[in-house]
Amino acid sequence: MAQGKRVVLASRPVGEPKPSDFRIEEFAPASPGEGQVLLRTIWLSLDPYMRGRMSDAPSYAAPVPIGGVMEGGAVSEVIASNNPAFAKGDIVQARTGWQTHALSDGKGLVKVDPKLAPISTAVGVLGMPGMTAYVGLLEIGKPQAGETVVVAAASGAVGSAVGQIARIKGARAIGIAGGKDKCDYVKRELGFDDCLDHRDPELAAKLKGACPKGIDVYFENVGGAVFDAVFPLLNPFARVPVCGLIAHYNDTEAKPPPWAGVLMRNVLTKRLTIRGFIVSDFAARHADFLRDMSSWVREGKVKYREFVTEGLENAPSAFMGLLKGANFGKQLVRVGPDKDKS
Ligand code: NDP
């Protein structure tokens, strides 16, 4: 049996995570006991929520303990099984964290059919990020034909799907992304109606130009300066699914906005719906999501892009890059060989 590797949380970051907040350890993967399977990780998904797990600030989920394996979703192969529900060679999606091997009692393992789509999509467009876009937009945003939907981090795993689903529903989709290459991709490849660079000092004015009838749905992924540019353009009865606030994940103090009173006055007078959500709130919609999203992907109506980092030892630097926009598409780490992709 090959030596296993895992990435553990060495210290809690203050501000931006740094390399010394992570530690790589070696371990000997154990043989599966009664009812257990041994998994070999193929694809590890890196996601912005992991920044929250590195912190012990109160949240909807418990933090990773110091010395604990960094949490995360993965696509893995069963390499030994003492569980009748899983056979050697099965591909599964599992929350096994940042490690090359893991034992599981089978609870929470979801079989992945390699014939349906590349297995990496089980943590991307057909997995948690795709589901986040689907439920956040359709359950809370409720875009109507002809309305204007705005989403930032538009070339990323969630944002790219939000804009494309908005278009499927007949709405206009305006993306916001970091830099010309990402904006070109969002417009030309993903078919958004427009895309603006959030680093452009003229963002607010350009967004106003791109949304001449105002904004009906703002799918909030980032907060910060993007929210400031969007807020004055929200139409009466606009919906704001609050999915993520990546511009604030490294904040070291909570700063109340100087204009909190203005915000609430607008919520009242424009009758805005601003609703936070966690993808698991909508677990009951999972079958609908898989049915719709897999057919949209098959028909080419939803496209996706993967950004692959090679090797588990490079997961910490890839994660630090993700928080700053270094990824261009769904951030994955290839931890071990995928038979279908070289
Ligand atoms: P992405 O693949 O979009 O990667 C993160 C992107 O965020 C970066 O590439 C960067 O893109 C952008 N970004 C970083 N900092 C800023 C900033 N200051 N201003 C504007 N954009 C910034 O990640 P995901 O698609 O996986 O996640 C998108 C959002 O959805 C995150 O906030 C995440 O936490 C949230 N989320 C929430 C879930 C829920 O259940 N509520 C579930 C899954 C995700 P760019 O270069 O374009 O700036």
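Every number for a ligand or one of its atoms is a count from 1 in the order of the listing.
- Salt bridge present: D184 and K180 bring a charged side-chain N and a carboxylate O closer than 4.0 Å.
- Using a 4.0 Å cut-off between charged nitrogen and carboxylate oxygen, K5 and E25 do not count as a salt-bridge pair.
- With a 4.0 Å heavy-atom cut-off, ligand 1 is reached by the backbone of A157 and by its side chain too.
- In terms of protein heavy-atom proximity, atom 46 (O) of ligand 1 is nearest to K182 NZ, 2.6 Å.
- C243 counts as a contact of ligand 1, since one of its heavy atoms falls under 4.0 Å from the ligand.
- Neither the backbone nor the side chain of Q331 has any atom closer than 4.0 Å to an atom of ligand 1 (non-hydrogen atoms only).
- Among pairs with a residue in residues 242-252, none fulfils salt bridge (Lys or Arg N to Asp or Glu O under 4.0 Å), at least two apart in sequence or across chains.
- In this structure, atom 18 (N) of ligand 1 lies nearest to the protein heavy atom A247 CB, 3.3 Å.
- Put simply, part of M128 is less than 4.0 Å from ligand 1, judged by heavy atoms.
- If you look at T132 next to ligand 1, the close heavy atoms, those under 4.0 Å, all belong to the side chain.
- For the pair K270 and F237, the cation-pi test (distance below 6.0 Å, angle within 45°) is failed.
- Protein heavy atom at the shortest distance from atom 48 (O) of ligand 1 is H198 NE2, 2.6 Å.
- Here the protein heavy atom with the shortest distance to atom 9 (O) of ligand 1 is N327 OD1, 2.6 Å.
- Counting protein heavy atoms only, atom 29 (C) of ligand 1 is closest to N221 OD1, 3.4 Å.
- Taking distance alone, with nitrogen or oxygen atoms compared against 3.5 Å, V158 approaches ligand 1 more closely than that limit.
- Aromatic rings from F289 and Y134 are positioned such that their centres are separated by under 6.0 Å.
- Q36 and S104 share no side-chain donor-acceptor pair at under 3.5 Å.
- Every residue meeting the salt bridge (Lys or Arg N to Asp or Glu O under 4.0 Å) condition with R167, not counting sequence neighbours, appears here in chain and number order: D193.
- Scanning the protein for heavy atoms near atom 22 (C) of ligand 1, the closest one is I246 CG2, 3.8 Å.
- The aromatic ring centroids of Y249 and Y49 lie 6.0 Å or more from each other.
- For atom 47 (O) of ligand 1, the nearest protein heavy atom (residue, atom name, distance) is G178 N, 2.8 Å.
- Under the 4.0 angstrom criterion for non-hydrogen atoms, Y249 is in contact with ligand 1.
- Among L323, D181, L245, the residue whose heavy atom lies nearest to atom 14 (C) of ligand 1 is L323.
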### Task
Start with the C-alpha gap between D216 and R239, add the side-chain angles, then the distance that decides, and say whether salt bridge (Lys or Arg N to Asp or Glu O under 4.0 Å) holds.
CA-CA 6 Å; D216 302 293; R239 289 81 67 199; 5.2 Å; no
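- Counting only distance, with no hydrogens or angles, the side chain of K182 and the backbone of G329 share no donor-acceptor pair below 3.5 Å.
- Remark: minimum distance from atom 6 (C) of ligand 1 to any protein heavy atom is reached at A153 CB, 4.0 Å.
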